[in-house]
Chemist: 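For reference, the structure I am asking about is given below.
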2 protein chains.
Amino acid sequence: MSEAVVKDNQKPVLHALKLACSNCSLAELCLPFGLPDADLSQLDLLIDQRRSVRRGEHLYQAGTHFESLYAIRRGFFKTHALTEDGREQVTGFHMTGEIMGVDAISTDIHACHATALEDSEVCEIPFTRLENLIREIPALQRQFHRIMSREIVRDQSVMMLLGNMRAEERVAAFLLNLSQRNAARGYSASGFHLRMTREEIGSFMGLKLETVSRTFSKLQDEGYITVDKKRVDIIDMERLKALLSHCSPRNVL
Amino acid sequence: MSEAVVKDNQKPVLHALKLACSNCSLAELCLPFGLPDADLSQLDLLIDQRRSVRRGEHLYQAGTHFESLYAIRRGFFKTHALTEDGREQVTGFHMTGEIMGVDAISTDIHACHATALEDSEVCEIPFTRLENLIREIPALQRQFHRIMSREIVRDQSVMMLLGNMRAEERVAAFLLNLSQRNAARGYSASGFHLRMTREEIGSFMGLKLETVSRTFSKLQDEGYITVDKKRVDIIDMERLKALLSHCSPRNVL
DNA sequence: CGATTACTTGAAACATATCAAGATTCGTGG
DNA sequence: CCACGAATCTTGATATGTTTCAAGTAATCG
C-alpha cells in the first residue's frame, strides 16, 4: 500500500490508499447500500481516492468549483456558511457513512464550507463518473436519490425544530439525534463525546452559546443527562424523549 | 380534448387532458430545462396526466404511499406537517414550474402534506418511469439532480433565516423571495397577492401570526412596503434588500 | 345576512440575547 | 514536560424581542 502524504496547513492531505466499498463496514449507511457484489466492484473502480483531513482543516470551501462528493470514512465534520459580516452559521454535522457535497450539484459551486472537527478520512466520489455509473446500475440510482431525499427531509426537520421549539427542546432533540446516529453506527446511544463547541451547537440550533451552556446545566440538574465538558451521558432516555413528544410529527432531525 | 371531471370534496379532480412538456412555457423552470426536442417528446410520453386541485384540497397527504412527483402547471401550494398535538408547521410554499414530492423518495412515504392555496393544476410524474427515463437521457438526469440539490440549498437558506434573523428580517426575506420568484415567472417583482394567511407565513418563518401582522405594519410605517390585506407592494426595493445585507451569504431563500 | 375566519393592535408575560466576569481547558513553544 | 496565552465554558444580571392574552374590526363563505 503506497502512501503519499503531503503536509500542508490549509490543504487536506492526499493519500493514494486503495479503497474498497466492497469490504467497507459502512456500506449500509452509504452509497453501496443494497448493491450486489458485481456492482460493488464497479463502485470500487470509481472511488479510488481517499483523502485525509485533519481537525480544523477544510475539505472544501464555499464558492469553489464542485467536482466530487465525499463519503465520510472516519471522523466528524461540520458544514457551515459565513454571513457577510463574518459570523458563521453551521448548517449540519456529519458522521461516518454520510455523503457531503450534494448542495453543490445545483450550481456546480459549493454552497458551504466543510470542516473536519476531528482527524478524518473521506472517500472522494467524482460526480460526473458517478452520474455515468448511476445510469448503468438502477439500484445505485435509487440509493443515490434516497440519499438526496433524506437530506431534504433532514433539513426540513431542522426547520421545524428552529421554527417551533424552545431552547430545552432544541438541545434535547440535538442530543437524541446524535444518540440515534451513534447507535446506527454501532456505538453507544447513551454516552458520547461532543466533537463541536457550544458555539457551534448554538449556531446550528439558532441559540447563543450561553443558552446552550445553561440548557445543558438545566438538563443535568433535572436528571436527564450528565455533562462533563465535552462528555455527555443520557441518564433518562425516556424522559428526554418525552420532552419532545408534543413537537415531533415523526423522528426529529 | 376529452375531460372527465369528478367532483369530490377531498380528492383532487382528475382530468384526462393532453399534456406536452414540449410546448410548455414553464419548461425552463422545470424538469425539461436544457433538453433537446427529441428528448422532450419522450418526457411528453411519460407525463400524460394532469391533475386539478382546488383551493383547500390536498394533492397528497403525509403518510401515504409515494408514486409520483408533481410539477406545478398553474396555481400555488403549501407543504406542511402536523405535530402530534395538532399544530401545523408549513415547510414550504410552491409556485408554477416547481417540483413537489422529492422528500418522499427517501422512504416511499410522503413526509408532508401538500395543499393548494388557490385552484391549481399539476402534471403527474410517475417516479419509477422517470427513473427509467433518467437513465437514458443524461441531460434529464443532470437536471433532476439539480432540482433535488436546489431544494437542499433552499432548505438550508431557510435554516439560516430561522437561526439568525429577527422578525423584521425574516419578513423582508420572505417578501423578497416571493418577489424574485414572481419575477422569474414573468410577473411583477414589486407587487403581488399573498396566497397564504398570516398564520401560514408565521408558521413557515417561525413567528406567531400577530408578529407577522405587526411586522407588516411596521415595514409599511417605515416606507418599505404597502400592505392592504393580501395585497403587498414593495415601495423601496433597495432599502428592503438593505435590511438583509448583513445576514445573507448569498441570496436568501 | 349571519357566522366563521382572518386580521390588527395593545398590554403584560416570558424566553432568550447581551454584557460581564471568572474558571477551566487546550494548544504551543520554550 | 511545563508554563503561558488563547480559546472555551459557566454563571449572573440586565436588556430586548417575541409570544401570549385579549378585544375589537374587517373580510369571506354559505
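On a predicted model such as this, the values are computed, not experimentally measured, just so you know. Labels below follow one simple rule: chain letters A, B, ... track the order of the sequence lines, proteins then strands, and each chain is numbered from 1.
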Chemist: Just how far, in rounded Å, is P of C:dC19 from CG of A:Leu209?
Modeler: 13 Å

Chemist: Starting at atom CZ of B:Phe216, determine the distance to atom P of C:dT8, rounded to an integer number of angstrom.
Modeler: 8 Å

Chemist: Can you name the one residue among B:Arg239, B:Met237, B:Lys218, B:Lys241 that meets side chain to side chain contact (heavy atoms under 4.5 Å, CB included) with B:Tyr224?
Modeler: B:Arg239

Chemist: Could you state the CZ-C1' distance from A:Arg231 to C:dT25, rounded to the nearest angstrom?
Modeler: 18 Å

Chemist: Check every atom of C:dA15, C:dT8, D:dC9 against the side chain of B:Ser217 and return the nucleotide holding the closest atom.
Modeler: C:dT8

Chemist: Take B:Glu168 and B:Lys230, find for each the nucleotide of DNA chain D with the closest heavy atom, and name the residue whose nucleotide sits nearer the 5' end.
Modeler: B:Glu168

Chemist: What's the closest nucleotide to the B:Lys229 side chain, out of D:dT8, D:dA27, C:dA17?
Modeler: D:dA27

Chemist: Want to settle it: does A:Glu210 or B:Thr197 sit nearer the 5' end of DNA chain C, counting the closest nucleotide to each?
Modeler: B:Thr197

Chemist: Parallel, tilted or perpendicular: which fits the ring planes of A:Tyr70 and A:Tyr60, with parallel below 30° and perpendicular above 60°?
Modeler: parallel

Chemist: Round to a whole Å and report the spacing from CE of A:Met165 to C1' of D:dT18.
Modeler: 19 Å

Chemist: Decide ring-ring contact (aromatic ring centres under 6.0 Å, His included) for A:Phe192 and A:Tyr187; before the verdict, give the C-alpha distance in whole Å, the side-chain angles of both, and the deciding distance to 0.1 Å.
Modeler: CA-CA 9 Å; A:Phe192 40 86; A:Tyr187 302 120; over 10 Å; no

Chemist: Between B:Glu98 and B:Arg154, does any NZ, NE, NH1 or NH2 come within less than 4.0 Å of an OD or OE carboxylate oxygen?
Modeler: no

Chemist: Tell me the interatomic distance from B:Glu169, atom CD, to D:dT18, atom C1', rounded to whole angstroms.
Modeler: 14 Å

Chemist: With heavy atoms under 4.0 Å as the rule, sort B:Leu207 into base, sugar-phosphate or nothing.
Modeler: sugar-phosphate

Chemist: Choosing from D:dT20, C:dT16, C:dG27, which nucleotide comes nearest the side chain of A:Arg55?
Modeler: C:dG27

Chemist: Rounded to whole angstrom units, what separation is found between the CZ atom of B:Arg198 and the C1' atom of D:dT20?
Modeler: 20 Å

Chemist: Using the side-chain heavy atoms of A:Arg166, tell me which of these nucleotides is nearest: D:dC9, C:dA15, C:dT8.
Modeler: C:dA15

Chemist: Can you check the A:Asp221 CG to D:dT11 C1' distance for me, whole Å?
Modeler: 12 Å

Chemist: Does C:dA17 have its OP1 or OP2 closer than 4.0 Å to a side-chain nitrogen or oxygen of A:Thr211?
Modeler: yes

Chemist: How is A:Gly206 classified with respect to the nucleic acid when contacts are heavy atoms under 4.0 Å: base, sugar-phosphate, or nothing?
Modeler: sugar-phosphate

Chemist: Quick one: which of B:Met95, B:Glu121, B:His94 gives a side chain to side chain contact (heavy atoms under 4.5 Å, CB included) with B:Ile72?
Modeler: B:His94

Chemist: Rounded to the Å, how far apart are B:Lys208 NZ and C:dA13 C1'?
Modeler: 15 Å

Chemist: Which listed nucleotide (C:dT16, D:dT19, C:dC19) is nearest to the side chain of B:Arg214?
Modeler: D:dT19

